[in-house]
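Lettering follows sequence order; numbering is per chain, from 1.
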Amino acid sequence: MLKVYNKLLKEFGKQHWWPVTNKTEDQRSSSDSRFEICVGAILTQNTSWQNVEKAIKNLIESNMLSKEAIRNATINKVAKLIRSSGYYKQKAKKLKIFASFSGSISRENLLSLWGIGPETADSMLLYAYNKPYFVVDAYTKRIFTRLGMIKGDESYEEVRALFEKKLPKDVEIYKEFHALIVELGKRYCKKEPDCKNCPLKSDCGHAIKHK
DNA sequence: CGCCAGGGCCTCA
DNA sequence: TGAGGCCATGGC
């Protein structure tokens with residue numbers, strides 16, 4: 001597991017995922033940047049990050065990227081701004097529900113909110129709140145199934161538990177590893193994988209079978 | 001034109 | 001508790 005991480009880190013370098021907006025030009029507070037990460041986590045559900053970036057840009061330009069602004073806006077107003085991220089009516093509702101949540105941020109509380117499932121909750125906890133929850137996504141399952149390290153029919157929680165058991169409990173490693181997994185999934189371990197050029201081909205039984 | 005992207009909810013067995 | 005349908009835009 002750590003070997004895979006180190007290989008990917010060497011191959012791709014640091015990914016620096018979140019926070020996205022450059023904090024040089026405006027003095028956004030850390031709570032602003034936290035909220036922005038959580039918004040991104042919701043908007044990117046089953047959606048390419050490019051489409052999400054446009055939506056976030058629209059929110060910023062309308063001065064709407066804050067809990068208060070989203071909480072006080074109508075669903076339609078939010079929906080219009082985030083249209084490019086897809087599923088925009090659902091996501092507008094999800095954003096409003098999250099922006100209206102005033103309890104403490106725990107995994108259990110996040111999961112109790114409509115629109116926040118395990119991956120979104122863990123993304124928020126890890127990237128916005130620096131808590132050691134490993135984020136499992138479709139790429140993670142696909143890649144580690146092909147690597148032969150899981151069977152592929154495990155539940156989200158089972159896969160998460162495996163990673164958290166195998167890896168040192170280190171937030172920075174969790175953040176970087178998940179980002180690297182996404183990068184490998186996008187570049188090589190696609191639905192139709194490009195095994196020939198994959199940096200993990202020497203470790204991967206799947207790559208050997210598929211020439 | 002078809003396929004898919006940094007999922008989650010609902011329904012129905 | 002798990003499979004299948006649904007949500008929707010934009011890039012290639």
**Q** Under the criterion of centre distance below 5.5 Å and interplanar angle below 30°, is A:Trp49 classified as stacked on the base of B:dG6?
**A** yes

**Q** Using ring pair (Phe, Tyr, Trp, His ring centres under 6.0 Å) as the criterion, point out the one residue from A:Phe144, A:Tyr133, A:Tyr174, A:Tyr156 that pairs with A:Phe163.
**A** A:Phe144

**Q** A:Gln50 has an atom CD; how far is it from atom P of B:dG6, in whole Å?
**A** 9 Å

**Q** When rounded to the nearest Å, what value does the distance between P atoms of B:dC4 and C:dG5 take?
**A** 16 Å

**Q** When the distance from NZ of A:Lys94 to P of C:dA8 is rounded to whole Å, what number comes out?
**A** 9 Å

**Q** Using the C1' atoms only, state how far B:dG2 lies from C:dA8, rounded to an integer number of Å.
**A** 15 Å

**Q** Mapping A:Asn51 and A:Gly115 to their closest nucleotides on DNA chain B, which lands nearer the 5' end?
**A** A:Asn51

**Q** In whole Å, I'd like the distance from the NZ atom of A:Lys91 to the C1' atom of C:dG10.
**A** 12 Å

**Q** When the distance from CD of A:Gln45 to C1' of C:dT9 is rounded to whole Å, what number comes out?
**A** 15 Å

**Q** Compare the ring of A:Trp17 with the six-membered ring in the base of B:dG6 and state whether they stack (centres under 5.5 Å, planes under 30°).
**A** yes

**Q** Rounded to whole angstroms, how far apart are CD on A:Glu53 and P on C:dG10?
**A** 14 Å

**Q** Any Lys/Arg nitrogen of A:Lys7 or A:Glu11 sitting under 4.0 Å from an Asp/Glu carboxylate oxygen of the other?
**A** no

**Q** For C:dG11, give its Watson-Crick or G-U wobble partner with both distances under 3.5 Å, or none.
**A** B:dC3

**Q** Fit a plane to each ring of A:Tyr188 and A:Phe12, take the angle between them on a 0 to 90° scale, and name the class: parallel (under 30°), tilted (30 to 60°) or perpendicular (over 60°).
**A** parallel

**Q** Restricting to non-hydrogen atoms, name the atom on A:Lys141 and the atom on A:Ser155 that form the minimum distance, rounded to 0.1 Å.
**A** NZ-C, 4.1 Å

**Q** How far, in whole Å, is B:dG8 from C:dG10 if one measures between their P atoms?
**A** 22 Å

